[in-house]
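Computed from a predicted model, the values in this text were never measured in an experiment.
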Amino acid sequence: MVFAAPGEALTRAEELLGADPSPLHASVAHQVIGIWQRDFGDTRRALAHLRRARDLAARAESAEREADVLATLGVALVHAGRTRAGLAAFERGVARGSGHTRARVLFRRAYVWWVLGRHGEALEDVRRAIPVLRQADDVIWTARALTLRATVHLALGSVERADADFTAAEALWDTTGQEHDKADAVESRGLAAFRSGDVPAALRLLDEAAERYAKLGTPTFMLTIRRCEVLMAAGLATEALAEADAAVAALDGIGGQSTRKAELLLVAARAARLAGEPQTSLARAAVAVRLFAGQRRTWYETHARLVLIEARVATGPGSGRLVADAAAVAERLAAFGAPAAPEASLLAGRIALDLGWTADAERHLAVAARSRHSGPPLARMTGWAAQALRARAAGSARGVLEACRRGLDVLDDHRMTLGASELRARATAQGAELAALAQRASLVSGGPRRLLGWSERWRATVLSAPPTRPPADPVLLTAMTAFRELAARAEEARTDGGRPAPALEREQRRLEREIRSRTLHMRGEAPGDGDRFDVGRLLRRLGDEVRLVELAVLDGRVHVLLCGQGRVRRFEAGLLAEAEVEAEHVQAGLRRLAHPGAEARLPLVEAAGARLERLLLGPAAAHLGSGPVVVVPPGRLHRVPWALLPALRERVLSVSPSASSWLRARDTAPPPGGRQVLVRGPGLASGGAEVPELSDRYAGRRTPSEGGTGAPPAGARTGGGTAGPGATVVLEGGDARVPRVLRELDGAALAHIAAHGTFRADSPLFSSLRMADGPLIVHDFERLDRSPYRIILPCCDTARFASVGADELLGLVTALLPLGTAGVVACTAPVNDAAVVPLMLALHKGLDAGLSLAEALRDARAALPGDAVHQATGWAFSAFGAA
């Protein structure tokens, strides 16, 4: 009962002890309390109860009872870090027990061997236990033994064997009422899904297990460890670090198991390294190594040493000692049969290469490269990275490019199993090293065309295919509706009283976590990633007039790839770090210029724009011709106001996350009918003043909003359905509610959405536009069958992104581009609301004349008054895409 209903078991055991039981029964009660304390409470109290249970079993002269308690005591001692005493207890337990009892003791010792990382001994003990447990028709313990054996197989990389055992165990659990063990079976299936490379299924199953454990009141430290592993594989290392650190604090708070603490610290160390926090990784790994060594857990200690070496490499120069340490770790891991062995060999080879020890590097890299043909995707990636480094050391650019191509193909296949655009974007970080190696090889031997091809190979890949549409999940839809209502109430409370509402905000954050969690469970639908980038096709589409400027960053320096007139030319510009600093200065200047009275800063901002041009375009600025320009910046330069650069200021200028996405936008056909949607959200300083004027301009085509005022034109649609072809619908006031807005936006030719924009750096897909009933978030847009062909977003922060993965952007604009939107006008900086109105009116005038968004925006800037506020407003807006 202590696993099926732990709280009830604890109560009954305490009641039994209060009734003056016999030594035999008292032994059982103390053992139950000891198990509860071991797994859910204080390890020291657990040991006290279990020693009392052992003594009472001896007084009762029951060898079987004593053997059973000794097994439980052995597990508790090992979890407390007292490995030698724990194994000694098992020796006595095996000797005292017989038959069925001994089989249970062997199973628990097998579990301890697994905890200690001694997998051979674990498999031997469980092999001896299972036939006896089956013969005794002991369903519960047989299922536990099968689950344990499957877990050991997974640790050794034997996914198929593990799956067979998990399936057999789950069939047995279905015949029992052991809710804790059933939850454990779901958790185990999540682990198996992860080991086979199915990240969405792993996240879904682990979340389901967490819900089951929560109903039982069961602590979930092991589940946290496994979930953190999956989060790291999904590129969510920062979240994994936060979860692991929180679990360590919780475990310390209850005096919990020392073994679990060491495992959590190891996970935290790995997460910190992947999150770019090497000092944190170093600290966590060092403590984990000490704990594992004291617990005599060599398997885990060796894994912790691998992370410790990686952290040392990240925080200081390589050395011969680090090569030797990494090689020793690789050897030990290989002897254990650990799947991480190639990772250690790759590390040893990489350090040796940096030191110029080519012979040593080749030896270690050759071992690591063997993993490139088998195993889960990230293990194969390790192998291909090793093969690419071998080729580079041998001076074979062709070998480098082939290895990089094969490795990124593996990651492509893995990435497209992920349905959530966030996971697809973050997963690209795993391929950053291969992409950089290929770019360097191209720079040395392949010329500008090849460098462009490899620059595109791993840039903005999340936009290469539409994200998987969220399922018609009633729980997800309910959570999104509740989130919107709570967000609106929280905003109202802040507006009315000027104070936040903590309870509302806590519930809002909970709903955010639920929405995000269910979204991350989605599987990808498309194998592969669509058409490969073709430089020749790009040049044909550019023709002789248009120039595309792609900025590639190699070893910290910006390289300008200027495409047009049938060729690609390369120019060296400045350092990326200096350009980022200058871009921040420009952003600060534009923020100041959004307010009257800051006119004196205008020359400073213009001068900063000239410096940015030298850093980002260099000599290429003199070769742009006189036609339209498309800029393709790296993710870290997404906030540059490109229209401020002198060479681009008077041009037809558009921005695109990649050349590939520009080509797709260029080939996207507008929807038939040309329906237009004008939306005005609440609380705008200008009141969205351009919307009524635009409404009057389009009056001949207008379809009134549901419940709108005024007499509709003859023949216009009325009621709540979607507007027909060629119509214009205006949504404002109570009509600008998210469900209605989404219905009208779906498949529209043009959407103008005047609404407060909020960018969420902590969770970019919760970036939003404020509607009458709450925020319209990126997750909402992903539910559209087709987002509007052109979208104009006239408010602040609508063109802000989070740079994630290798070179990916997450935000409102990048969510729209794969969904059918070919062009967006949005704002990269805070702007003056009043100054936006004439810019927007002029922009629509150009669109009415048949211009593209980029052409209309250029003309609209030129039509603005010449004061500082209006000039800064014009510079803050960019046209994205190709419509």
Side-chain angles (χ1 to χ4, degrees), residues 2-3 31 34-40 43-44 46-47 49-51 53-54 66-97 101-130 132-133 140-156 165 169 180-181 184 188 191 221-222 225-226 251 256-264 266 288 291-304 336-338:
V2 75
F3 297 111
Q31 184 180 8
I35 291 171
W36 191 95
Q37 289 287 357
R38 181 194 70 193
D39 291 351
F40 311 138
T43 307
R44 291 169 296 179
L47 292 172
H49 280 286
L50 293 173
R51 289 188 181 107
R54 177 198 60 196
E66 190 177 353
D68 195 75
V69 175
L70 282 166
T72 303
L73 177 60
V75 173
L77 286 165
V78 169
H79 275 311
R82 300 178 58 185
T83 302
R84 184 179 296 172
L87 293 176
F90 273 110
E91 284 298 320
R92 293 197 301 276
V94 171
R96 293 287 284 158
T101 300
R102 180 182 289 168
R104 288 185 173 189
V105 174
L106 287 170
F107 156 73
R108 282 177 280 192
R109 189 169 69 175
Y111 166 78
V112 160
W113 291 134
W114 170 71
V115 169
L116 296 173
R118 293 168 63 172
H119 299 109
E121 290 98 325
L123 289 175
E124 175 59 23
D125 272 356
V126 82
R127 182 190 65 77
R128 292 167 61 190
I130 286 175
V132 180
L133 295 171
I140 290 173
W141 287 76
T142 302
R144 286 175 180 163
L146 288 168
T147 300
L148 174 62
R149 187 168 69 182
T151 305
V152 176
H153 283 318
L154 278 183
L156 296 171
D165 277 343
H180 180 280
D181 289 298
D184 185 64
S188 298
L191 180 62
F221 297 112
M222 192 69 232
I225 292 166
R226 289 169 172 172
L251 194 66
Q257 299 169 355
S258 172
T259 50
R260 289 288 178 261
K261 179 176 180 177
E263 291 164 29
L264 284 164
L266 172 56
L291 286 174
F292 286 132
Q295 295 162 3
R296 298 171 180 264
R297 301 172 72 188
T298 312
W299 163 281
Y300 288 99
E301 181 191 347
T302 308
H303 282 80
F336 291 143

> Looking only at heavy atoms, which two atoms of Thr43 and Ala80 are closest? And how far apart?
Replying inline: CG2-CB, 3.6 Å
>> Testing the basics here: between Phe90 and Ala71, what is the closest heavy-atom pair and its distance to 0.1 Å?
In response: CZ-O, 3.4 Å
>> Any heavy-atom pair between the side chains of Phe221 and Gln257 that's under 4.5 Å?
In response: no
> Atom CG in Leu148, atom CG in Leu123: separation rounded to 0.5 Å?
Replying inline: 8.5 Å
> About how many Å separate CD of Gln295 and NE2 of His79, when rounded to the nearest 0.5 Å?
Replying inline: 10.0 Å
>> What I'd like to find out is whether the side chain of Val152 reaches to under 4.5 Å of the side chain of Tyr111, using heavy atoms alone.
In response: no
>> Walk me through whether Asp68 and Arg108 qualify under side chain to side chain contact (heavy atoms under 4.5 Å, CB included).
In response: CA-CA 10 Å; Asp68 195 75; Arg108 282 177 280 192; 2.5 Å; yes
>> Looking at every heavy atom in both Phe292 and Ala304, which two are closest together, and how far apart are they?
In response: CD1-CB, 4.0 Å
> Does the side chain of Phe336 reach to within under 4.5 Å of the side chain of Thr298, using non-hydrogen atoms?
Replying inline: yes
> Does the side chain of Trp114 reach to within under 4.5 Å of the side chain of His119, using non-hydrogen atoms?
Replying inline: yes
>> So which atom in Ala143 and which in Ala169 form the shortest heavy-atom distance, rounded to 0.1 Å?
In response: O-CB, 3.6 Å
>> Would you compute the distance between atom CD of Glu121 and atom CG of Leu87 and round it to the nearest 0.5 angstrom?
In response: 9.5 Å
> For the side chain of Arg54 and the backbone of Leu70, is there at least one donor-acceptor N/O pair under 3.5 Å apart?
Replying inline: no
>> Rounded to the nearest 0.5 Å, what separates atom CZ in Arg297 from atom OG1 in Thr83?
In response: 7.5 Å
>> On a heavy-atom basis, which atom in Arg38 and which in Ala46 lie closest, and how many Å separate them?
In response: N-CB, 3.4 Å
>> Could you walk me through whether Arg109 and Glu91 satisfy the salt bridge (charged side-chain N to carboxylate O under 4.0 Å, His left out) test, starting with their C-alpha distance in whole Å, then the side-chain angles of each, then the deciding distance to 0.1 Å, before giving a yes or no?
In response: CA-CA 9 Å; Arg109 189 169 69 175; Glu91 284 298 320; 3.2 Å; yes
> Between Met222 and Glu263, is any pair of side-chain heavy atoms under 4.5 Å apart?
Replying inline: yes
> Looking at Gly97 and Arg102, what are the two nearest heavy atoms and their distance?
Replying inline: O-NH2, 2.9 Å
> About how many Å separate CG of Leu77 and CG of Leu47, when rounded to the nearest 0.5 Å?
Replying inline: 5.0 Å
> When rounded to the nearest 0.5 angstrom, what is the spacing between CG in Asp165 and OG in Ser188?
Replying inline: 11.0 Å
> Around Arg82, counting heavy atoms of other residues, nucleotides and ligands shown, do more than 12 lie under 6.0 Å from its CZ?
Replying inline: no
